[in-house]
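Each remark here refers to the structure printed beneath this line.
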Amino acid sequence: MRGGGGEDAGNKLKSMDVEKLENGVNGGGGDSPPRPAVKYYGWRAMPFIIGNETFEKLGTLGTSANLLVYLTQVFHMRSVDAATLLNGLNGTTSLAPIIGAFLSDAYLGRYLALAIASVASLIGMFLLTMTAGADGLHPPECGVGETCEKATSGQFAVLFMSFAFLVVGSAGIRPCSMPFGADQFDPHTESGKRGINSFFNWYYFTFTSAMLVSATVIIYVQSNVSWPIGLGIPTALMFLACVLFFMGTKLYVRVTPEGSPFTSIVQVFAAAARKRSLKQPKDPKQDLFDPPHTSAIVTKLAHTDQFRCLDKAAIVSGPDEVRPGGAAPANPWRLCSVQQVEEVKCLIRIVPVWSTGIIYYVAVVQQSTYVVLSALQSDRHLGKSFQIPAASFTVFAMLAQTLWIPIYDRLLVPRLRKITGKDEGLTLLQRQGIGIALSTVAMVMSAVVEDRRRHIALTQPTLGTTITGGAISAMSSMWMVPQLMVLGLSEAFNLISQIEFYYKEIPEHMRSVAGALAFCNLALGNYLSGFLVTIVHRTTGAGSNWLAQDLNKGRLDLFYWMIAGIGIFNIIYFMICAKWYRFKGAAAN
């Protein structure tokens, strides 16, 4: 059953400037009062949004990038325990955006979610700075070879409280900042569409630039000057981020939340389950409930032939299921529209491709854990006096990303357009696949370099001992740079295309969820990495422990080979998912 004039009404709505604002403008049909024109400031609003994001990332990344060293050297945790805790924290920090995205899309709106999250991050960073600055909030210092006093439960309570506020901050900032920036461009004009496409690349460029500064200047201050000053600087930067964000308030376009999108998803499954015994419709265009599309935000979706079992949710089994006029169901839990069904199909189609990112991030997260530990047990000197902080080695991955993005966007894309005939040069799925392949190559390189580092430590004179008791190999830590550059290049291919893929393929009223999905991948990748660390440690701990406290007595190279093997499986799995995937709007009946 089709609502009369549905396609004409949908086309008329698409041609109108109908963004909803948080100033109380309704999105009704023809009886609603006319909407005032929305004023998009576009790039004029970007200094406040990208400035906020830059200072926020300088603050939070400057705080988190060196946490492994902070936990082992200041809180005297074992390296395995610190790595496991850090994996759990990073996982929770990256999983929280799913909750934040739901609250943003359903109730708060992106502006209010960002405002609350920014203040929460500032509080969390202030508390973390206090754990370093106040003597009573961390264990007393100890020298090499001394028995270190463990942190008390009270000290850990303050530390975990700071982590909790940082998690709340990430819950709002990560899923909302990029969609909120894209909201500032008019999607109905060519200049606005070009602005959105360019915004994704340049947003990530500023993101990686901020990471570069965090991984060099801030980490250097933390490692070589003092922890209170090194954590105090990011806290001050986070304060500037909050100020910048609120300064731009009058320029922002604020999209009104339309209520929980998850309710509609559950309704489709409930209605399809109730009608599971009905036969499939012979002509979906005529037999399914397809009323006029009146949403001011969400694009009308055509019927597709995948997951046809869900089509039963849109079958009208009796005249009493539709309200008089035929525009709405009598009970939305018994009858859903074709639009609702197709939105659910969009989400289901994304899941297999999304799941490949979980395994991909297992390789990526190693740069913040065991890469740092390897650097601590290798020669980090540049010249006679300068020593690179171990946590700063992630800067090489960020450098690769920062250099590659403008090269790809300005030099390669125009040439690739001529070869592929596509505006974006390479498709989003092609770029994701290249990123997965490069991450596997990086793990192979990591295994080879770690084997060499360990061999030199065991067969040649060492350069001293770390505070945790491991001998420092004479191998230059600069041998780790190529693997990190390749890993950074893989992120430049995979991460940007992931976020853009979700943003374009997920229904518009769920775009905060789109921003959270990539971070959800990162969360589950951290959890999976932590799970692998725990399993390997327990399995090999009785004999030759692969992940021993002293890496020279372990076999970290075998751990890297294991991740590389998992990566090869992931490449094959991704190719199958990409071949099966059907992009939104590619209808087939």
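Nothing here was measured: the structure is a model prediction, and the numbers come from that model.
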Taking ring-ring contact (aromatic ring centres under 6.0 Å, His included) as the definition, give me every residue that meets it alongside [X], ordered by chain and number, with sequence neighbours left out.
X	answer
Phe160	Phe156
Phe48	none
Phe245	Tyr111, Tyr252
Tyr360	none

To the nearest 0.5 Å, tell me how far [X] [atom1] sits from [Y] [atom2].
X	Y	atom1	atom2	answer
Leu122	Leu237	CG	CG	11.0 Å
Met485	Met480	CE	CE	14.0 Å
Asn545	Leu556	CG	CG	11.0 Å
Ser374	Trp479	OG	CH2	16.0 Å
Thr356	Tyr361	OG1	OH	10.0 Å
Thr440	Met445	OG1	CE	13.0 Å

Can you check whether [X] reaches [Y] side chain to side chain, under 4.5 Å on heavy atoms?
X	Y	answer
Trp227	Val69	yes
Val449	Tyr560	no
Asn570	Ile566	no
Gln401	Leu489	no
Asp379	Ser473	no
Leu399	Leu484	no
Trp354	Phe501	no
Tyr527	Leu524	yes

Report yes or no: does [X] contribute a side-chain atom to a donor-acceptor pair with the main-chain N or O of [Y] at less than 3.5 Å?
X	Y	answer
Thr129	Met125	yes
Gln366	Val362	yes
Ser226	Gln222	no
Arg380	Ile388	yes
Asn224	Tyr220	yes
Asn552	Arg454	no
Glu500	Ser497	no

Of all heavy-atom pairs between [X] and [Y], which one has the smallest distance, and what is that distance?
X	Y	result
Val536	Thr540	O-OG1, 2.6 Å
Gly357	Asn521	CA-ND2, 3.6 Å
Thr462	Ala471	CG2-CB, 3.8 Å
Ser104	Cys176	OG-SG, 3.4 Å
Ser162	Gly124	CB-O, 3.3 Å
Asn494	Gly435	CB-CA, 4.0 Å

Inter- and intrachain pairs under side chain to side chain donor-acceptor pair (under 3.5 Å), touching residues 112-126, at least two apart: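 For residues 112-126, and leaving out neighbouring residues, there are no side chain to side chain donor-acceptor pair (under 3.5 Å) pairs at all.
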Take Thr93 and Leu166, measure what side-chain contact (heavy atoms from CB on, under 4.5 Å) needs, and give me the verdict at the end. CA-CA 8 Å; Thr93 301; Leu166 290 174; 5.8 Å; no
For [X], check side chain to side chain contact (heavy atoms under 4.5 Å, CB included) against everything at least two apart and list the hits.
X	value
Val217	Val213
Ala442	Val486, Leu487
Thr263	Ser260, Gln267, Trp333

Show the numbers, then the answer: is there a side-chain contact (heavy atoms from CB on, under 4.5 Å) between Val372 and Phe393? CA-CA 7 Å; Val372 176; Phe393 275 86; over 6 Å; no
So that I know where these two stand, are Phe493 and Trp404 an aromatic pair - ring centroids less than 6.0 Å apart?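 For Phe493 and Trp404, the ring centres are under 6.0 Å apart.
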Salt bridge (charged side-chain N to carboxylate O under 4.0 Å, His left out) against [X], all qualifying residues, sequence neighbours excluded:
X	result
Arg78	Asp81
Asp557	Arg555
Glu450	Arg453

Mark yes when over 12 heavy atoms from residues, nucleotides or ligands other than Ile99 sit less than 6.0 Å from its CD1; otherwise mark no.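 For Ile99, atom CD1 is not crowded (no more than 12 foreign heavy atoms under 6.0 Å).
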Do other residues, nucleotides or ligands put more than 12 heavy atoms under 6.0 Å from Phe163 CZ?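 Counting neighbours around CZ of Phe163, more than 12 heavy atoms of other residues, nucleotides or ligands fall under 6.0 Å, so yes.
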Let me check something: any side-chain donor-acceptor pairs from residues 130-140 under 3.5 Å, sequence neighbours excluded? List them with distances.
residue: Thr131; atom: OG1; partner: Tyr70; partner atom: OH; Å: 2.8
residue: Thr131; atom: OG1; partner: Leu128; partner atom: O; Å: 2.5
residue: His138; atom: ND1; partner: Thr131; partner atom: O; Å: 2.8
residue: His138; atom: ND1; partner: Ala134; partner atom: O; Å: 3.2

Would you say the side chains of Gln377 and Asp550 form a donor-acceptor pair under 3.5 Å?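 Yes, a side-chain donor-acceptor pair sits under 3.5 Å.
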Verify side-chain contact (heavy atoms from CB on, under 4.5 Å) between Leu558 and Asp451, making sure each step is shown before the conclusion. CA-CA 9 Å; Leu558 297 181; Asp451 182 60; over 6 Å; no
Start with the C-alpha distance between Leu114 and Ser177, add both sets of side-chain angles, then the distance that settles side-chain contact (heavy atoms from CB on, under 4.5 Å), and finish with yes or no. CA-CA 7 Å; Leu114 282 169; Ser177 59; 4.1 Å; yes
